[in-house]
Amino acid sequence: MTAETDAPEPDRVPGYPHPRETRRLFGQGAAEAAFLAAWTEGRLHHGWLLRGPRGTGKATLAYRVARALIAGGPVEAGGLFGGIPAPPPATLDAPGNCPVAARIRARSEPRLAVLRREVNERTGRLRSQISVEDVRAVRRFLQLSAADGGWRAVIVDAADEMNVSAANALLKVLEEPPPRTALLLVAHAPAALLPTIRSRCRTLELRPLGADDLTAALDQCGAAIAPDEAEAMTLLCGGSVGEALRLDAGGGVALYGRIVALMQEGRGIDRAAMVALAETAGGRGAEAVYELVGRLTLTLTGRLARRAATGTDDGEAGPGEAALMAHVARAPAQAALWAEAVARIAATTRHARAVNLDPAQTIIDTFLELDATLAKARNAA
């Protein structure tokens, strides 16, 4: 629908290929097979909900489905070729010379609309939500007829980023969809969607990637993960290619080790190291580091909660993590403490972002909160 620009894109990890440019999808054969089976059996639905953890290939699958439908989707009577339906494809892979794939990569395919957060013209930054005006633009696109009678597609990435007005506007499209139109809703947190939106879509479930598929996907993206960081990266990214790329871009494995070391094997937070980290991540131009510190702190807290609840040791993602867990994450009573800490830290982070609190002070407050939890966990052992 639009030409390529240099504007920031919310669905791209900076420095790596966008999902529309990704040729292969790893680890999600079941989801692809489910869509192809619906196509083969004549059960193509107008609404599809692609759900699963962030970074597992949902957007890549959406673009693959859109390309396949636009390039060779079924045509109703009176359409192209006198109404003879095109045979369903055996795969969603695009031929090397596919013009639709080339136009999608160039963001110039006239039968594809992408609904996502856009740049605020006043601030030059991405908006925090998809607005109702964005949905109205897509509705105007859908009022036009495809010149060849073929299929059109709308990708919503991510659907759980719509505000209430936008969600209600999209619901009207799902309730009365134009003919030969597929709406592909990418959702990282589908529970946040209106139940009426979920009920009008067929679901494709995407799972976290295993180690081999994750490695293959990272190789395709051109990410050169250091061999000595591969195991930690696998543990930290949770089977998410997108998260692995963000960790790689931000030196996430080393940063996680720094956060683990802050906790001094459960003895308490190292105050000097805490202040140094806050200065590093809270300074001007360090927004990406600040975001990464927040995510990795939640990751560590969540790992402590799981270890205490299950007693399962899945490996050490940072030096000293095993000793930390042995001291403060070995009993069910400690699991409850760490689970509560996860909820509090997540709430603090959301509040800080909403009211634009000082990043350095937010980091300090977060680790002081963790210091109190460490003390309780030691006593609960």
Side-chain angles (χ1 to χ4, degrees), residues 1-5 7-13 17-23 25 28 31-32 34-35 38-39 44-52 54-73 92 94 98 100-119 126-127 129-131 133-142 144 146 150-162 166-167 169-171 173-174 177-178 180-190 193 197-198 200-206 242:
M1 239 177 90
T2 57
E4 185 69 68
T5 69
E9 298 184 87
D11 44 358
R12 178 199 287 271
V13 178
H18 187 276
R20 64 175 170 267
E21 302 163 345
T22 304
R23 289 198 167 274
L25 177 62
Q28 306 300 348
E32 288 207 356
F35 178 82
W39 192 337
L44 269 181
H45 199 61
H46 65 274
W48 294 85
L49 180 62
L50 285 63
R51 56 179 291 169
R54 185 184 296 272
T56 50
K58 298 185 297 298
T60 298
L61 178 57
Y63 279 98
R64 287 167 66 81
V65 168
R67 184 218 46 90
L69 284 173
I70 293 170
L92 293 179
C98 177
V100 173
R103 289 196 297 269
I104 287 176
R105 289 194 297 271
R107 299 178 62 189
S108 60
E109 172 51 58
R111 289 171 292 177
L112 172 65
V114 179
L115 179 59
R116 60 183 182 174
R117 291 183 290 122
E118 298 295 343
V119 173
L126 288 165
R127 295 190 177 97
Q129 295 179 315
I130 296 173
S131 72
E133 289 301 324
D134 298 325
V135 179
R136 287 171 180 161
V138 168
R139 292 180 68 178
R140 290 192 292 271
F141 160 78
L142 293 175
L144 304 174
W151 276 64
R152 292 175 297 174
V154 176
I155 295 174
V156 186
D157 188 7
D160 37 47
E161 293 175 346
M162 293 185 293
L170 186 71
L171 176 59
V173 180
L174 286 165
R180 298 184 299 281
T181 298
L183 288 93
L184 306 164
L185 279 62
V186 172
H188 312 307
L193 294 174
I197 286 181
R198 298 198 303 268
R200 283 167 172 77
C201 296
R202 289 194 59 180
T203 298
L204 295 174
E205 192 80 30
L206 282 78

Would Leu25 and Glu32 count as a side-chain contact (heavy atoms from CB on, under 4.5 Å) if you check the C-alpha gap in whole Å, the side-chain angles of each, and the deciding distance to 0.1 Å?
-> CA-CA 9 Å; Leu25 177 62; Glu32 288 207 356; 3.5 Å; yes
Measure from the side-chain N and O atoms of Thr22 to the backbone N and O of His18, and report whether any donor-acceptor pair falls under 3.5 Å.
-> yes
Scanning both residues in full, the closest heavy-atom pair of Pro178 with Arg152 reads CB-NH2, 3.9 Å
Identify the heavy atoms of Gly242 and Val13 that sit nearest to each other, and give their distance.
-> O-CG2, 3.9 Å
Sub-4.5 Å side-chain heavy-atom contact between His46 and Thr181 = no
Do Ile197 and Met162 touch side chain to side chain, with heavy atoms closer than 4.5 Å?
-> yes
Closest contact, heavy atoms only, Ile130 versus Ala166 = O-CB, 3.4 Å
What is the minimum heavy-atom distance between Ala187 and Leu49, and which atoms define it?
-> CB-CD1, 3.7 Å
Looking at residues at least two apart in the chain, or sitting in another chain, which of them share a side-chain hydrogen bond (donor to acceptor under 3.5 Å, both in side chains) with Glu118?
-> none
Atom pair CZ/CG of Phe141 and Leu115 - distance to nearest 0.5 Å | 11.5 Å
Got a salt bridge between Arg116 and Glu9, using NZ or NE/NH1/NH2 to carboxylate O under 4.0 Å?
-> yes
Give, for atom CG of Leu50 and atom NE2 of His188, the distance between the pair rounded to the nearest 0.5 Å.
-> 11.0 Å
Nearest-0.5 Å distance that lies between atom CG in Leu142 and atom CG in Leu183 | 6.5 Å
Pairwise side-chain contact, Arg127 with Glu161, heavy-atom cut-off 4.5 Å (strictly under) | no
Main-chain N/O of Arg200 paired to His45 side chain as donor or acceptor, under 3.5 Å = yes
Pairwise side-chain contact, Arg103 with Arg67, heavy-atom cut-off 4.5 Å (strictly under) = no
Kindly indicate whether the side chain of Leu69, heavy atoms from C-beta on, has any atom under 4.5 Å from the side chain of Trp39.
-> yes
If we only count heavy atoms from C-beta on, is the Phe35 to Arg64 side-chain gap below 4.5 Å?
-> no
More than 12 foreign heavy atoms under 6.0 Å from CZ of Arg198: is that the case here?
-> yes
Checking side-chain contact (heavy atoms from CB on, under 4.5 Å) for the pair Leu92/Leu61: CA distance, chi angles, key distance, verdict?
-> CA-CA 9 Å; Leu92 293 179; Leu61 178 57; 4.0 Å; yes
Taking Glu109 for the side chain and Arg111 for the main chain, is one N or O donor matched with an acceptor at less than 3.5 Å?
-> yes
Which distance, rounded to the nearest 0.5 Å, do you find between the CG of Asp157 and the CZ of Arg12?
-> 12.5 Å
Taking the side chain as C-beta and beyond, is there a heavy-atom pair between Val154 and Leu170 under 4.5 Å?
-> no
Which distance, rounded to the nearest 0.5 Å, do you find between the CG of Leu204 and the CZ of Arg51?
-> 11.0 Å
Considering all heavy atoms of both residues, which atom of Cys201 and which atom of Leu185 are nearest to each other, and what is their separation?
-> SG-CD2, 4.2 Å
Residues in side-chain hydrogen bond (donor to acceptor under 3.5 Å, both in side chains) contact with Arg136, at least two apart in sequence or another chain | Glu133
When every non-hydrogen atom of Pro10 is compared with those of Arg117, the smallest separation belongs to CB-NH2, 3.3 Å
Going by heavy atoms in the side chains, are Thr56 and Lys58 under 4.5 Å from each other?
-> yes
Separation of Arg180 CZ from Trp151 CH2 (nearest 0.5 Å) = 9.0 Å
